[in-house]
Protein chains: 2
Amino acid sequence: MTLLRSWVESANSADTPFPLNNLPYGVFSTDSETMPRCGVAIGDQIFDLFKAESDGLVDLGAAVFDVPYWNEVMDLGAESWTALRARLIELLAEGAEALPDYLVAQADVTMQMPFKVAEFTDFYAGKHHAMNVGTMFRGPENALPPNWLHIPIGYNGRASTVVVSGTDIVRPNGQTKAPDAEMPSFGPCKRLDIELEMGAIIGGANAMGDPVTVQQADDMIFGYVLLNDWSARDIQAWEYQPLGPFQAKAFATSISPWIVTKEALEPFRTRTPEREKELLPHLVEPGPMLYDIDLEVTMAPKGKAATVIARTNYDRMYYSAAQQLAHHATSGCAMNVGDLIGSGTISGPEKSERGSLLELTWGGKEPMTLETGETRTFIEDGDTLTLAGAAKGEGYQIGFGTCVGTILPAKTFPQ
Amino acid sequence: MTLLRSWVESANSADTPFPLNNLPYGVFSTDSETMPRCGVAIGDQIFDLFKAESDGLVDLGAAVFDVPYWNEVMDLGAESWTALRARLIELLAEGAEALPDYLVAQADVTMQMPFKVAEFTDFYAGKHHAMNVGTMFRGPENALPPNWLHIPIGYNGRASTVVVSGTDIVRPNGQTKAPDAEMPSFGPCKRLDIELEMGAIIGGANAMGDPVTVQQADDMIFGYVLLNDWSARDIQAWEYQPLGPFQAKAFATSISPWIVTKEALEPFRTRTPEREKELLPHLVEPGPMLYDIDLEVTMAPKGKAATVIARTNYDRMYYSAAQQLAHHATSGCAMNVGDLIGSGTISGPEKSERGSLLELTWGGKEPMTLETGETRTFIEDGDTLTLAGAAKGEGYQIGFGTCVGTILPAKTFPQ
């Protein structure tokens, strides 16, 4: 696969995240058109699908772009996903009639949540992350829980606080307890962290009681986004026994605004790493279901330049989203269109590849020095954290754009 | 408060769960009218609110009964909840014009889910249950986790598999590992259990970033149902470390079909038990926010009579739903109309008051003998489990009806 050329000139570059090969799906509004609309990114422009459908340029058999979310497209099923992509390539390819009236400059828009999140599940499926965290908390001998190599460990998160990139994040309050304190105390989180993740968006459904195979699970995935699972480590430490993280994760999860489709990522499929213990048959990947996607995290103190604090790749994960989804449905749990599955923190074997500050600063014991000269253990008010990602082809890339969040000071409690 | 009399004669009895004092809200369909409609239970009848609104008998300022769920009523806010109840009492009271054309016999209907579940959170807020389970797993000295007396421990559950009473439950498959086995295995759950709980239905919302006080939380609760948090104990034991229960709970949660409103329960408010450790101020109850509700569990092998296996009361809980909800929002987690909060298993101090088979049979070590002569440790295929509950007043009761589920054999995996 090489660069596919478009009549949108800015899309014909090795550097654009959004060439014709990509065509990621989002929802946008502008100052003059405040009603959010679905669109597809092409170069530095957005092709307006509300307008295209209204004018009959795009027709999926039912109106799906009269709403400001992609769930209705997902609901049509995989054949329609393929048909839509084919039609968009036809409309936007070099040689097709230029349709400048349907373009909106990305510089002029505000991106919105691209889909309605039905439910959100987060996993813990990166082995380097699990080893790092486990080593810190339980020592290297007991780092991995006994189940870890046999099932992708996951927990249900909170869908109501999944927000689009650019949304400011209020530092959460919560209950914590210092190891030497007799009583817990309440106040702003002091160990606020990120988790670098990919999010898989489920575009299909299974009936309650009917599990799915790993292949069926892969077929149900509509696309991927970058995902930052903001985490309050001090709140988490106090609350998570015995039933898992709760308020430490519930306050916010950010996603990038563009859904990169599975079809766009097809050339970048790769196998999960070699198994250290054989998986039971229901979780074995029938083919490569992970993706080779370069990932990067930057941190910028308020008003200052950003420093790259981590670089890694999605291919570091031990379990693919398809395996996670298959496991999610083993009990007969019904999955629905719009469900969001977080990969778990993506860290690589090198220190520079760690996808959380918890790991990067080893529990706050090894502060980082930013390029601005400031040091950080965890996130301070005003800091902006940005995830970025792209799959790199020959002369083109499939970019995800960025997933950005700036931390605002905690509010007085209660309001 | 004594019995309020209605022109619906069957409502004027000390034994009916649904006197005029109650007026619980549900959604029903009939063989001839398959479109589900909202209705209110009165004696052995249902007053049809779709028809009543269509004919102008009930008017909340906007059409809310043209949909088969109660979320739109909740969305109108507490003043409308009060106005609706007042109007229904006016319409159904003794002395008002009889409106037999608006009644449907409960015997002739199929009850449906009364509301769309936005998200489901389950708690672990009964101290007797936590002590029993903790004693079994960690010994009596370490039974309660250190955080337990300071925050209501909860975890996010799965909304997609909350089903109405009467829905059959397929025994889940899952991965388990025997303590002496080298590798895990996969197959039908062998330790299938119930959890006797109350569910609180959230009728209000808070914005992301804005926590709520315990009083605000109580004001946000629309009503209560019985809730059975079906649990696969063997799957749970293998998966729950370190991030909590997942597939062990995801396959099904049953609720009773009638939402008993907070207003109907008002005479039965009671305080949570005395604190063993002082709570931090943000979790202190400003008034009685628990309820005196008698609860009962029965078990019936296929085709055989039911045996009462547990009797207890909702007042055994250490935390109220209002405290749970306030804790849920401490981090700024946005709560929404239609959120469902499970109380956690309700057990009392006596052995006969234990709300799960895990406790009743002490981890399967002490089988129960049913009145049919059969013994049980955990649930067998074909067994029917029924929760029932009622607040008992002088000469009347506020009944919840029942929450029933029958277990079907596990399916072959994968389908």
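First the proteins, then the strands, lettered A, B, ... as listed; each starts at 1.
Without hydrogens or angle criteria, B:Gln175 side chain to A:His150 main chain gives a donor-acceptor distance under 3.5 Å. Side-chain atoms of B:Asn147 come within 3.5 Å of backbone atoms of A:Trp238 as a donor-acceptor pair (strictly under, hydrogens ignored). The main-chain N or O of A:Ile153 is never found under 3.5 Å from a side-chain atom of B:Glu239 such that the two would form a donor-acceptor pair. Listed for the B:Arg158 side chain is a donor-acceptor partner under 3.5 Å among the backbone atoms of A:Ala334. In terms of modelled atom types and a separation under 3.5 Å, the side chain of A:Asn156 and the main chain of B:Phe246 share no donor-acceptor contact.
For A:Pro145, the part sitting under 4.5 Å from any heavy atom of chain B is the side chain, from C-beta outward, and nothing else. Proximity to chain B is limited to the side chain of A:Thr121, based on heavy atoms less than 4.5 angstrom apart. The contact between B:Leu283 and chain A is made entirely by side chain atoms (from C-beta outward), counting heavy-atom distances below 4.5 Å. The contact between A:Leu280 and chain B is made entirely by side chain atoms (from C-beta outward), counting heavy-atom distances below 4.5 Å. For chain B, the nearby part of A:Ala329 is the backbone; its heavy atoms alone come within less than 4.5 Å. The contact between A:Pro146 and chain B is made by backbone and side chain atoms together, counting heavy-atom distances below 4.5 Å. Contact of A:Asp339 with chain B is made through the side chain alone, with heavy-atom distances under 4.5 Å. Interface residue A:Val163: only side-chain heavy atoms are found under 4.5 Å from chain B. For A:Phe137, no part sits under 4.5 Å from any heavy atom of chain B, backbone or side chain.
A:Thr330 OG1 to B:Phe186 CZ: the interatomic distance, rounded to the nearest 0.5 Å, is 5.5 Å. Interatomic distance, B:Ile151 CD1 to A:Gln247 CD, rounded to the nearest 0.5 Å: 9.0 Å. In this structure, OG in B:Ser331 is found 9.0 Å from CG in A:Asn173, a value given to the nearest 0.5 Å. Taking CG from A:Leu149 and CE from B:Met183, the interatomic distance works out to 10.0 Å, rounded to the nearest 0.5 Å. For the atom pair B:Ser160 OG and A:Glu119 CD, the distance stands at 4.5 Å (nearest 0.5 Å).
Contacts with chain A were tallied for B:Thr161, B:Val212, B:Val170; B:Thr161 has the most, counting heavy-atom pairs under 4.5 Å.
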Requested in this report: Apply side chain to side chain contact (heavy atoms under 4.5 Å, CB included) to A:Glu182 and B:Lys277, showing your working.
Outcome: CA-CA 11 Å; A:Glu182 198 192 329; B:Lys277 299 226 177 182; 5.8 Å; no

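For A:Lys177, the NZ atom is densely surrounded, since the number of other residues' heavy atoms within 6.0 Å is greater than 12.
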